[in-house]
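Below is one structure; the comments refer to it alone.
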Amino acid sequence: AAGVIQSPRHLIKEKRETATLKCYPIPRHDTVYWYQQGPGQDPQFLISFYEKMQSDKGSIPDRFSAQQFSDYHSELNMSSLELGDSALYFCASSYRGDGETQYFGPGTRLLVL
Amino acid sequence: AQSVTQLDSQVPVFEEAPVELRCNYSSSVSVYLFWYVQYPNQGLQLLLKYLSGSTLVKGINGFEAEFNKSQTSFHLRKPSVHISDTAEYFCAVGYSGGGADGLTFGKGTHLIIQP
């Protein structure tokens, strides 16, 4: 079965640089979520989109923004990167009508030097 | 607001022994409940979920969980564990009122299977 695709899988950036993470949801899924997981931590919800509209917002820094496109893929844009942004970033997708059960991608590991 | 408490950060168990990973939640609204497993350097895989109906739910890899509304618990169980079950297990809660709300996760329980 098709899964959530995230790219890139690994990313190394310098402080103050920008990064863009991409997420391709499971086909027919209409909702995308972004999470941040620091080392040894639980995933923290950042933001979600349903039918290309922002739906819920968690602890997303103002330096980050995201959007969902017409083909339902989503991008997380991160600017002015800080050392503390080093983490695993997960995208999840769901289909309304399935209890919003979220299926997670493999994650993008971001290292900020 | 919702919160999830996983009472044990680590659970060591001998191979082929039964295991229970505990999860309690707090919420002022009706919720959905999930268990996810994370193997080292991998993503989160859905083990099982409770949306409604029967309080005993069965998942993949022989795991099951029971939703107890009065005790606000959703403990995960497996009657006989294998070395391959060594992983981090996360309990999560989501709002059941519809909408694309983010999940709230517990801190995770590291299941360590000893030969």
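Reckoned from all heavy atoms, side chains included, excluding hydrogens, waters and symmetry mates. Residue numbers start from 1 in every chain, and the chains themselves are labelled A, B, ... in the order their sequence lines are given, proteins ahead of strands.
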What distance do [X] atom [atom1] and [Y] atom [atom2] have between them, rounded to the nearest 0.5 Å?
X: A:T101; Y: B:L48; atom1: OG1; atom2: CG; value: 11.0 Å
X: A:D42; Y: B:L103; atom1: CG; atom2: CG; value: 11.5 Å
X: A:F104; Y: B:L46; atom1: CZ; atom2: CG; value: 9.0 Å
X: B:N41; Y: A:R109; atom1: CG; atom2: CZ; value: 5.5 Å

Should we count [atom1] of [X] as having more than 12 external heavy atoms under 6.0 Å?
X: A:K13; atom1: NZ; result: yes
X: A:Q54; atom1: CD; result: yes
X: A:D71; atom1: CG; result: yes
X: A:K52; atom1: NZ; result: yes

[X] and [Y]: same hydrophobic cluster, using ILVMFWY side-chain contacts below 4.5 Å?
X: B:Y36; Y: A:L46; value: no
X: A:L11; Y: A:V112; value: yes
X: B:I60; Y: B:L21; value: yes
X: A:V32; Y: A:Y72; value: no
X: B:V4; Y: B:F63; value: yes

Side chain / backbone / both / neither for [X] at chain B, heavy atoms under 4.5 Å:
X: A:P43; result: both
X: A:L88; result: side chain
X: A:Q37; result: side chain
X: A:S94; result: neither

Review point. Is the backbone of B:G102 close enough, under 3.5 Å, to the side chain of A:Y35 for a donor and an acceptor to pair up by distance?
Key: no
Check your understanding: Is there a side-chain contact (heavy atoms from CB on, under 4.5 Å) between B:T104 and A:F45 once you walk through the steps?
Key -> CA-CA 7 Å; B:T104 300; A:F45 171 67; over 6 Å; no
Considering only heavy atoms, which portion of [X] lies under 4.5 Å from any heavy atom of chain A: side chain, backbone, both, or neither?
X: B:F105; value: both
X: B:Q38; value: side chain
X: B:K107; value: both

Practice item. Heavy atoms only: give me the nearest B:K49-A:Y103 pair and the separation to one decimal. Key: NZ-OH, 4.1 Å
Practice item. Return the minimal non-hydrogen interatomic distance between A:F90 and B:Q42, and the atom names on each side. Key: CZ-O, 3.9 Å
**Study point:** Among the listed options B:G108, B:A92, B:S52, B:G106, the residue most often paired with chain A at heavy-atom distances under 4.5 Å
**Key:** B:G106
